[in-house]
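Note sheet for the following structure.
Proteins come first, then strands; the chains are lettered A, B, ... in the order of their sequence lines, and each starts at number 1.
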Protein chains: 2
Amino acid sequence: MKPGPRRSVSQSDLVAAAFELLEQKGFAAVSVRGVAAALGLTPTAMYTYFPSKQALLVAMVEELLSGVAGQSSGADASPEAARDFLVVTAVALRARLREHPGAIALVTSGPLDGARALGLAERLGEAFLTSGAGDVDTAARAAHALLALVLGQVALETAWGEASEIEPAALWSDAPPHPITDAGAALGVREGAEGEFRLAIERLVDAWR
Amino acid sequence: MKPGPRRSVSQSDLVAAAFELLEQKGFAAVSVRGVAAALGLTPTAMYTYFPSKQALLVAMVEELLSGVAGQSSGADASPEAARDFLVVTAVALRARLREHPGAIALVTSGPLDGARALGLAERLGEAFLTSGAGDVDTAARAAHALLALVLGQVALETAWGEASEIEPAALWSDAPPHPITDAGAALGVREGAEGEFRLAIERLVDAWR
DNA sequence: ACCTGAACACCGTTCAAGT
DNA sequence: ACCTGAACACCGTTCAAGT
């Protein structure tokens, strides 16, 4: 079943193979050639399924975001339920992004304007509305800020997580001490303990209600 | 003055040339070969100045962050002055990141553990402490969250900014409507109007005091 | 319609050699 | 010490050709 006018794999297969590479060898290893080879295809065969590598990455982001926000946002639920939805969704999104090393590189490299990304932003806005945000404009701003906090937090966690592996000798350098930042490191702020994250999310959510 | 055992350029020259490329051709164009060529050097000559491309990128991030937070954080100032410092610093950091297209790709690709990045986090923590944060731990968490919000906000602005150029025809697609998100777009949330940004920062800062 | 093979214009990095 | 030139093992993408 090598050549022939019949489709041998699917778009989903390419996305799955790409995630396999992302998980095992990092973002840099997610190449057109690598993905194609993992499926026994020639690099050029990929262009039958996606118009470009960028399109493949967008499909990966969509896959990553799928299912993060449940079907119902709780538009007809109580303010307390809506608040819970916001916190739970933020925690779930962070967990999803942390599952795959290099996921933020993926998210920040590929545009976030897919249907799933916009749908997620919309659900967050709805939840802010029923949880106590005064009007639609405020809800939109709040949803934007919540999404930004989650993204930035994961980006910082990843950056600082990688960094600590590289230069442990920096402790003996002549750099000035950082008592507060070090206290944060001891707290697990850098490593991204879930409790710390949830606390920050709750503060932001409550600030917009 | 082609060869010879005398240093013909400096590390700063390489960083400057790299920013020139970043500004004019985007993050993907910041290559070892491109930077070297801009200075009339061979690609391999760069490895006399930096041990790797990654080291060059880290130097760029440090340059980007330099001067964002002033010398004094206002540790001996009033709580109100400290609050102002936090907001002003966040706004300045965002402006700095937005100056160069592809700056977030740079920041998220290269680690943020340079001296400047840690120093910035420390100054923010100090300011939170004098502005009303109860203890060192809370200040560390607050500084982390503020940094994350700025980073994530710029990342979202960039992603949505690029996206809107690609597919204006999506308005006519069969996708479900997004009234809240669209209201946000009309507000300038996506494009990143400074007023919207400052408002979100103030909410987060006040939530931690 | 789907896929291959060759080709184009690139990458980061290493290494021996020159001055 | 600083730099060049050649080389290695890669990239994304295009294009003509096969079935």
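Every residue meeting the salt bridge (Lys or Arg N to Asp or Glu O under 4.0 Å) condition with E196(A), not counting sequence neighbours, appears here in chain and number order: R141(B). Applying the salt bridge (Lys or Arg N to Asp or Glu O under 4.0 Å) criterion to R94(A), with sequence neighbours excluded, gives E157(A). With sequence neighbours excluded, no residue forms a salt bridge (Lys or Arg N to Asp or Glu O under 4.0 Å) with E20(A). Residues satisfying the salt bridge (Lys or Arg N to Asp or Glu O under 4.0 Å) criterion with E194(B), sequence neighbours excluded, are R198(B).
Protein atom CD of Q11(A) is 11 Å distant from nucleotide atom P of dC2(C), rounded to whole Å. Atom C1' of nucleotide dC3(D) and atom CG of L39(B) are separated by 14 Å, given to the nearest angstrom. Whole-Å rounding puts the L56(B) CG to dG12(C) C1' distance at 12 Å. What separates NZ of K53(A) from C1' of dC11(C) is a distance of 12 Å, to the nearest Å. Rounded to an integer number of Å, the gap from Q54(B) CD to dC11(C) P is 18 Å. Atom CE in M46(A) sits about 15 Å away from atom C1' in dT4(C), given to the nearest Å. Between the NZ atom of K25(A) and the P atom of dA9(D) there is a distance of 16 Å, given to the nearest Å. To the nearest angstrom, C1' of dT13(D) lies 16 Å from CZ of F50(A).
Separating the CG atom in D182(A) from the CG atom in L118(B) is a distance of 8.0 Å, to the nearest 0.5 Å. The CD atom of E126(A) sits 8.5 Å away from the OG1 atom of T181(B) when rounded to the nearest 0.5 Å. Distance CG/L106(B) to CG/L97(B): 9.0 Å, rounded to 0.5 Å.
Mapping T42(A) and R33(A) onto DNA chain C via the closest heavy atom, the residue that lands nearer the 5' end is T42(A).
Exactly one of V107(A), L22(A), L14(A) qualifies for a side-chain contact (heavy atoms from CB on, under 4.5 Å) with M60(A). That residue is L22(A).
For the pair R116(A) and E63(A), the salt-bridge criterion is not met [side-chain N within less than 4.0 Å of a carboxylate O].
Considering only the side chain of L41(B), dC3(D) comes nearest among dC3(D), dG12(D), dT13(C). With dC3(D), dT13(C), dC3(C) as the candidates, the nucleotide lying closest to the side chain of S8(A) is dC3(C).
Residue contacts for Y49(A): at a heavy-atom cut-off of 4.0 Å it reaches the sugar-phosphate backbone alone, with no base atom in range.
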Watson-Crick and G-U pairing of DNA chain C, under 3.5 Å, as dot-bracket with | and [ ]: ||.|||||...|||||.||
Protein N or O to nucleotides 14-17 of chain D N or O, pairs below 3.5 Å:
none

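If you take atom P in dC10(C) and the same atom in dA9(D), they sit 22 Å apart, rounded to whole Å.
At a threshold of 4.5 Å between non-hydrogen side-chain atoms, the residues L86(B) and S131(B) count as touching.
Regarding contacts with the backbone of dC11(D), a side-chain N or O of S31(A) is found under 4.0 angstrom from either OP1 or OP2. Residue S52(B) has no polar side-chain atom (N or O) positioned under 4.0 Å from OP1 or OP2 of dG12(C).
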